[in-house]
Amino acid sequence: MSGIVVAKFGGSLLRDGGGYITLAGEVEKLLSGGRRVTVTVSAMKGVTDELIEIVEKPVGWEPRLKRIMERYYSAARAAVTSEREATSLLGELSRLFDELFKLVWAVKVIGEVTPHARAAIVSFGERLSAAVAAATLRSQGIEAVWLDGREAGIVAEGDPWEATVDYKLSERLVRSKLLPLLEHRVVPVVTGFVAGTREGRTVLLGRGGSDYTATLLARFLGAEEVILYTDVPGVMSADPRRIPEARVIPRLSIAEAMELALLGAKRMHPKTFEPILDVDVTVRITMPGAEEATVVTREGGPPPLKAVVATEGLAVVTVTGGGLVGRIGVASKVTGIAAVNGVNILAIMQPITETRISLVVRRDDAERLARALEEGLRGLISGVDVSEASAVSVVGDGLRESRVAGHLVERAAALGGVESILWAPGSPILMALVRPGEEWETARLLHAEVLERWGTGSP
Ligand code: ADP
Ligand code: ASP
Ligand code: MG
């Protein structure tokens, strides 16, 4: 079936009933263009954070759950205009809240929460949202049904908070569940962020997981386009809340988009682009009603440099010692120790003299890694040093050219406060490490440089 589009609506848009009316308006436009539409929704804005807090802190959970309930009820009343749909939706929401109250009550009585129970409770933000979205569509005359990610066939195993998707099995199940609906011109509304194990237990796909759900569904359904609707008109050249001069980037290549997602730009899920690496799907990131958008394709387009991202909360862990010099396999020992301890390495630096190896990691992991390295490399090293850091990264396929990278290295080095610069030939990212607290000043300066010299690629 051709002409399938997956439309994802972020929590940033779903603040109240108006958000669901906007959703229905966009779906209507896509349908009237003759396309078949699958919708993916996030929880209402702030609800996931609130559910996590409720699970973790017992005080006052009942009034807090009731406040969430009130938000969904009032969105439902505002968005669902047909009386019949409104009545059946209110019944459905009440059943879902009943289930949610029972789950939270059980956790509070037992006094502890298992990872699966936590995932099940947090999934309600998306499930309630999907119920409201489907009823809003139906009340506007668009046939729609909602399914949670598990019912839609997304199978994932492992950590219930950040489960690993089984692509092969999910593809078969998603196609068998959603294609018949699409063939009959029914709009499936699938919860983002939520999946199920083979045994049918609820698991989640990690924070921001609805972006990932959207691209997974697009891959499995053979969609031609994914549209990520959000509250900004696209991915911007920097975080607009910190750097007001930021502009929308009109075109990104998949490689650039992947780097930006990994760095957390526009708070995209790090795996957003993974499902579509080897299939032909365009991703458009935009705001309803906006003329601008970011379009992600395999080829991308100008300008050579796209965005500047600041990352706080990092640390550089450095092992030093004469025992490292000329010893083959030390780097792999160091990275192996990080892997065994579940520490993700963001960058690695080793001078040619081999007297030290530095790893850039998340600050939360640094002390644990340092202790493990001391232990595991005893006799080989003279010490392990941990220093806090932030990073400012510039992303763009143009960095693969040494002329562009060379110029940027020169400018970054001249800024002062930049302690190291990481770039590898052929890589679309250049990362400058700075002292904590200096990241935004450096980001502003590099952003100004990037815009002035390379422009934004807008026509
Ligand atoms: P959604 O709920 O739609 O998934 P998020 O709240 O997760 O949206 O992410 C959108 C927000 O990300 C924007 O409101 C914006 O403030 C922030 N943001 C940070 N960096 C960027 C960037 N480079 N481009 C666009 N938005 C950014
Ligand atoms: N609601 C989830 C979160 O806040 C998933 C998402 O919004 O993409 O992380
Ligand atoms: Mg998001």
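If you're wondering where the values come from, they're calculated on a predicted model, not measured in any experiment. Computation of the quantities below employed the complete heavy-atom set of this structure, encompassing side-chain atoms and omitting hydrogens, waters and symmetry-equivalent molecules.
- For R444, the salt bridge (charged side-chain N to carboxylate O under 4.0 Å, His left out) partners at least two apart in sequence or on another chain are E441.
- For the side chain to side chain donor-acceptor pair (under 3.5 Å) condition, no pair includes a residue of residues 257-271, sequence neighbours left out.
- Donor-acceptor pairing under 3.5 Å is lacking for the side chains of T202 and H116.
- In terms of the side-chain hydrogen bond (donor to acceptor under 3.5 Å, both in side chains) criterion, residue partners of R368 (sequence neighbours excluded) are, by chain and number, D365.
- For T215 (side chain) and P275 (main-chain N/O), no donor-acceptor pair under 3.5 Å exists by modelled atom type.
- The closest side-chain donor-acceptor pair between Y72 and S129, if any, does not fall under 3.5 angstrom.
- Of the inter-residue distances, the one linking L399 atom CG with S393 atom OG reads 10.5 Å to the nearest 0.5 angstrom.
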Would E53 and W61 satisfy side-chain hydrogen bond (donor to acceptor under 3.5 Å, both in side chains), going step by step from the backbone distance to the final call?
-> CA-CA 9 Å; E53 284 252 321; W61 64 272; over 6 Å; no
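- Between K45 and E50 no salt bridge is recorded (no basic side-chain N to carboxylate O distance below 4.0 Å).
- Annotation: ring-ring contact (aromatic ring centres under 6.0 Å, His included) contacts involving residues 396-435, sequence neighbours excluded, comprise H407-W454.
- Take E449 and apply the salt bridge (charged side-chain N to carboxylate O under 4.0 Å, His left out) test, not counting sequence neighbours, and it matches R411.
- Around atom CD of E452, no more than 12 heavy atoms belonging to other residues, nucleotides or ligands sit under 6.0 Å away.
- When the ring pair (Phe, Tyr, Trp, His ring centres under 6.0 Å) test is applied to Y229, the partners found at least two apart in sequence or on another chain are F9.
- For residues 387-399, every residue pair satisfying the salt bridge (Lys or Arg N to Asp or Glu O under 4.0 Å) rule, not counting sequence neighbours, is listed here: R363-E388, D397-R400.
- D364 has no carboxylate O lying under 4.0 Å from a charged side-chain N of R362, or vice versa, which leaves the two without a salt bridge.
- The salt bridge (charged side-chain N to carboxylate O under 4.0 Å, His left out) check on D278 picks up R219, with sequence neighbours excluded.
- You'll find the side chain of I254 reaches within 4.5 Å of the side chain of I276, heavy atoms only.
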Trace of the salt bridge (charged side-chain N to carboxylate O under 4.0 Å, His left out) decision for R77 with E70 = CA-CA 10 Å; R77 280 192 293 266; E70 221 9 82; 3.2 Å; yes
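- Minimum interatomic distance between V248 and A293 (heavy atoms only, all atoms of both residues): CG1-O, 3.8 Å.
- For the ring-ring contact (aromatic ring centres under 6.0 Å, His included) condition, no pair includes a residue of residues 232-263, sequence neighbours left out.
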Distance-only check: which donor-acceptor pairs under 3.5 Å involve side-chain atoms of residues 424-437, not counting sequence neighbours?
| residue | atom | partner | partner atom | Å |
| --- | --- | --- | --- | --- |
| S427 | OG | I429 | N | 3.2 |
| S427 | OG | I429 | O | 3.2 |
| R435 | NE | E438 | OE2 | 3.4 |
| R435 | NH1 | E419 | OE2 | 2.9 |
| R435 | NH2 | E438 | OE2 | 3.4 |

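- Annotation: side chain of L408 is not in contact with side chain of V404 (no heavy-atom distance under 4.5 Å).
- With sequence neighbours left out, D49 forms a side-chain hydrogen bond (donor to acceptor under 3.5 Å, both in side chains) with R207.
- Using a 4.5 Å cut-off on side-chain heavy atoms (C-beta onward), V334 and I348 make no contact.
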Please step through side-chain hydrogen bond (donor to acceptor under 3.5 Å, both in side chains) for the pair T40 and T213, ending with a clear verdict.
-> CA-CA 7 Å; T40 303; T213 302; over 6 Å; no
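- Residue pairs that meet the ring-ring contact (aromatic ring centres under 6.0 Å, His included) test with at least one member in residues 271-304, sequence neighbours left out, do not exist here.
- Between the E225 side chain and the T282 main chain, no donor and acceptor come within less than 3.5 Å of each other.
- Side-chain contact between M349 and S420 is present, with at least one heavy-atom pair separated by less than 4.5 Å.
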